[in-house]
Amino acid sequence: MIKVLELKMTVTDSNDRDAEALRNDLKARDVFLINLMSSPGSGKTTLLSRTITDLKDRVKIGVMEADIASDVDAKRINALGAESIQVHTDGMCHMDAGMTREGLDGMESIDSRIVFLENVGNLICPAEFDTGAHKNVMILSLPEGDDKPLKYPLMFKKSDALVITKMDAAPYFDFDLDAVRKRVKAMNPDIRIFPVSAKTGEGMDEWESYILSEWEKWRNA
Amino acid sequence: MHELGIVKHVIRTLNDVAAENNVRRIGSVTLEVGEVSGVVIEQLVDCWNYFREKDELVKGAPLYVETLEAVTVCTACDKTYGTVAHGKTCPYCGSKETYLLRGNEFSIKQIEAELIEDAPETE
């Protein structure tokens, strides 16, 4: 027999369930997962390299690199002695919870207590798919301009923290940091904002303290 | 290829629904898509027509898409207006202090389902 079923389900329903399950599994495995989202070329790998080096005596950090192709980023992270795995999305523009789980399963034994997922460089689709991460962090590099929050609002709304990278380039660009703060806070009042330069070290302390304190909170929760 | 990922998720969700509701085959699928959800409907249908052939449950099933009008509210004068025509600026008072009321939806509204005959009826 034929029957019409009224569903009214969001399209990402199956992914939302996978993501929640993954978050819980990671709690049991004592792995704190941070999803990093940004445009291509925002300095994600450079920021991570510095963060891993600065925190290496405090906590072991691993990285899952999601890219459409190539493994150049994973090689840079490996060179620091950190655990890393390269995940290829085969043309897909974002990571979902299923792919994230496969990537984590591919890391032999996760010794790292904090794992960063470097999502595909894209400000649209990654904002719509929950990866199962415990925290979502967005990176905006200074040369991209202070109007990015107006163009990609969802990404700014979904993030727990915003890291503004390449602050050392400020003298060469008309980037209005206060305007960014205002625009972002209007959409997401709870977001934490960290202007940094991985090159000069400016702001890195605040960013790294934030990671450690969020990790502590999560562990004790 | 945003639409490709979405279609894969729709098909997975439908497989979950089918397992829970004794559905053997799906005859058609109706989506509700907001005007400003950012999805390109032509591409979505193309991806659907390709992927449905790889899945026994939805093989051959047409995809219907119902578009929902996007509406924005102005916080300055409390009026509502069509988002697509006027964007972020209120056409009545010129304020930019506005927010999207609806138009961002993306949901599976309903399916025509062929149930497994000798299975007990489920509501």
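No experiment lies behind these values; they were computed from the predicted model shown. Letters A, B, ... mirror the listed sequences (proteins, then strands); counts begin at 1.
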| task | Test side chain to side chain contact (heavy atoms under 4.5 Å, CB included) on A:Leu7 and B:Gln110 and set out the steps. | result | CA-CA 5 Å; A:Leu7 297 177; B:Gln110 62 181 39; 5.7 Å; no

| remark: Residues of residues 53-71 of chain B with a heavy atom under 4.5 Å from any heavy atom of chain A, in residue-number order, are none

| Minimum-distance pair of heavy atoms, taken over all atoms of A:Val4 and B:Glu112 | CG2-CG, 4.1 Å

| task | Go through the atoms of B:Glu32 and report whether side chain, backbone, both or neither lie under 4.5 Å from a heavy atom of chain A. | result | side chain

| Residues of residues 19-44 of chain A near chain B, each having a heavy atom less than 4.5 Å away | none

| field | Test: A:Asp18 and B:Arg12 ion pair at under 4.0 Å | value | yes

| task | Could you tell me whether B:Asp16 and A:Arg17 have a side-chain N and a carboxylate O separated by less than 4.0 Å? | result | yes

| How many angstroms lie between atom CG of A:Asp96 and atom NZ of B:Lys8, to the nearest 0.5 angstrom? | 8.5 Å

| query | Can you name the one residue among B:Ile111, B:Ile26, B:Leu14 that meets side-chain contact (heavy atoms from CB on, under 4.5 Å) with A:Leu5? | reply | B:Ile111

| said: Does any part of the side chain of B:Phe106, heavy atoms only, come nearer than 4.5 Å to the side chain of A:Glu128, both counted from C-beta? | reply: no

